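Note that this is a predicted model, so its numbers are computed, not measured.
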There are 2 protein chains.
Amino acid sequence: MPLDQRKKQILQAIVDDYVSTAEPVASNALIQRHDFRVSSATVRNEMSDLEQMGYLEQPHTSSGRVPSDKGYREYVDSLMKVDTLTDAEGEEIRRRLSESFDELAGLLKKASSTLSEQTGYVSLAITPRLRKSYLKQLKMMMIEPGKVLVVVVLSAGIVKDRLVRIPDYLTPEQLSRISSAIEVGLYGKPLEEISLVTVASAAKDSQLPDSLLNQVLYEAYTAIKQADNLEVYMDGTNRMLSLPEFSNVSKARTLFDALAMDGIVSGYVNELSMENEKASYMIRIGQEISIGGLSDCSFITTTYNVGDKIAGNIGVIGPKRMEYSKVISQISFIRQVINHQLEEIKALNGG
Amino acid sequence: MPLDQRKKQILQAIVDDYVSTAEPVASNALIQRHDFRVSSATVRNEMSDLEQMGYLEQPHTSSGRVPSDKGYREYVDSLMKVDTLTDAEGEEIRRRLSESFDELAGLLKKASSTLSEQTGYVSLAITPRLRKSYLKQLKMMMIEPGKVLVVVVLSAGIVKDRLVRIPDYLTPEQLSRISSAIEVGLYGKPLEEISLVTVASAAKDSQLPDSLLNQVLYEAYTAIKQADNLEVYMDGTNRMLSLPEFSNVSKARTLFDALAMDGIVSGYVNELSMENEKASYMIRIGQEISIGGLSDCSFITTTYNVGDKIAGNIGVIGPKRMEYSKVISQISFIRQVINHQLEEIKALNGG
DNA sequence: TTTAGCACTCGATGATTGCGAGTGCTAAAC
DNA sequence: GTTTAGCACTCGCAATCATCGAGTGCTAAA
């Protein structure tokens, strides 16, 4: 049995009300706040149907109804009204993100904090997946004998570096021969195709004895590989402590522990975005989220882009009772601004 | 009126008991757990005195007593028994900290997480104050026209870098003339004495026209200055959610907000360590801590050293009802291990 | 100075009650 | 057939009350 028009209206109204009040929604309250042209008794019948169909839940007999995961799903898929930012809100976001303008990490941090402040929920910004980007430069700069700063420059203008230790009899000249051999050999090769073996074979061209090479190769390799590490900027976790959902500390602790598990959330969001490459945003609700401790939450995530290959994610984690349409409009807007800024950074970098 | 022997004993016992139970301590419970050779009535009289003198508080008539800030202060200053780590505990700590061995940031992160796990409270590790250390090297590496990686090497082997943008008509040669002029001019000068003016006058020696110089100076200056930024690694905040002290979320939120205020806690700890240079550890209890939101907590901090000039801090934040002596022994031990590791890093660096 | 004894305090617990918000059902109205 | 007024019923919640007992403070005797 599909939902008829009136059921949809009622479900929508219930979700809207529950989102703003956090209290189970009663038939009477509904007809007062929205002007359905029917009585509370009719609404009650409809609500009872909706419960049977799995869209609503009743915390206990004689209480109002609360949306189930399925109810929220229906709501976000086809019921909610899309929200649009006011000009002022948009301007504010643009202003804040234009401050930190020439550095990826700074931009993402700012994006994350803005997103959290605007929505009032937990925000997330994840650095791009760089597997598809390629090595443009590899420099090894000797700080002092035995200590080298390896600088990796990737396409899309991303620069990462790493301080490593090598045998201290290597001279700067030998080092620079090695690094330029690797650079030449790997130029244009996507990170995902770079392995210890490819690095080694590239380094062969330096014409240095293996005994010298081997000591450096591994460090060069890990420096390159680490450029692909995802970094996560999470913001606003404390806000969750003010939500009635988490008014009991043990629930809060479960949530916080889950959020603090480094890599779990970002890995999940990452997967999500790979599975939904063409979607403009992704929503996961409650039990749909396969991370222990987050089943009382919803995710809204989206993907930002540098060119057509490089992509990272931003997202919001909030209670299931989230202001979905507002968050969607905010996150979409921020995504646009990030894309724009990144294009600009790229243009500045010549490429 | 000074505390006589028995009062001290009783106060000590009360703190010990309260630390482990988190419940107000009653006279009867006291004489059962500890064998004072007196009756509960006597203890009651003593407790009443101790309350009068400000060492104890009574949540309400007819409940047991709880230590006041003054009570804890007396306890840590002269009553508690010092705890020593078991060999196994020490070994475990040493093992964990020896894993990440050649990089300051990694060592401090590991130290922080170890400290939190061992104590069960919130831990803190702060990078060293580098004002007294001096510039050893300044390199500017052109990534591509207009984009430069500024690498700052300080005495004590600390390396920091920063990606900056400069006018794109500057050539690598000009850049390297500027950076080596600055390097030569500032070599050996402590960071605290470096200003935009000193940088500019050092750069003069590059013999390049001011019009070129000015564009780069500021970036060089900020790169150098930023090397002095304190970074903070905090761990285990979630553990606080399991303490009865913070079983109500609004208290927890206040605490978490305070902890998240970037720089507040680290600044406080920093100040503390400057004021108590020769102390082997510092304790601040409740109201003694002048940070809003942390007045239900205690701090135990200590200072680690690289040589005799460079020093940073590690610390523990817990409830006032903290296991002081245990934490002190743990933090002291970890401090020693850090010092040792840092000496080793320095030796490796030939510094 | 210590302590046994006892009255007193007060939070915590649990039972009881009433209230009221909310439902589901029925039967009448549309 | 659908809607709705009416009403009985459910159940959480808050208030009230009594009880219990852990704990104190005080007094008077040891």
key: A/Arg6 vs A/Phe36, side-chain contact (heavy atoms from CB on, under 4.5 Å): CA-CA, chis, key distance, verdict   = CA-CA 9 Å; A/Arg6 195 169 63 189; A/Phe36 303 135; over 6 Å; no
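One side chain, B/Asp16 or B/Tyr75, offers a donor N or O that lies under 3.5 Å from an acceptor on the other. Counting only N and O atoms by type, the side chains of A/Ser242 and B/Arg253 include a donor and acceptor under 3.5 Å apart. Residues A/Ser298 and A/Tyr324 have side chains that bring a donor and an acceptor to within less than 3.5 angstrom of each other.
Distance, A/Gln32 CD to C/dA21 P: 11 Å, rounded to whole Å. Distance, B/Glu23 CD to C/dA12 P: 10 Å, rounded to whole Å. Atom CD1 in B/Ile10 sits roughly 13 Å away from atom C1' in C/dT2 (whole-Å rounding).
A donor-acceptor pair under 3.5 Å is formed between the side chain of B/Thr254 and the backbone N or O of B/Ser250.
If you look at B/Phe256 and B/Phe246, their ring centroids are not closer than 6.0 Å.
Between A/Tyr268 and A/Phe299, the two ring planes are perpendicular [angle over 60°; tilted spans 30° to 60°].
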message = Using a 4.0 Å heavy-atom cut-off to protein, can you give one letter per nucleotide of nucleotides 6-30 of chain D, 5' to 3': B if the base is in contact, S if only the sugar-phosphate is, - if neither?
response = B---BBS----------BBB-----
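Side-chain N/O atoms of A/Arg37 include none lying less than 4.0 angstrom from OP1 or OP2 on D/dT2. Taking 4.0 angstrom as the limit, A/Ser39 places none of its side-chain polar atoms (N or O) nearer than this to OP1 or OP2 of D/dT3.
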task = Treat a base pair as Watson-Crick or G-U wobble with both distances under 3.5 Å, then lay out DNA chain D in dot-bracket form, 5' to 3', with | for cross-strand pairs.
result = ||||||||||||||||||||||||||||||
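Rounded to the nearest 0.5 angstrom, A/Thr42 OG1 and A/Met47 CE are separated by 12.5 Å.
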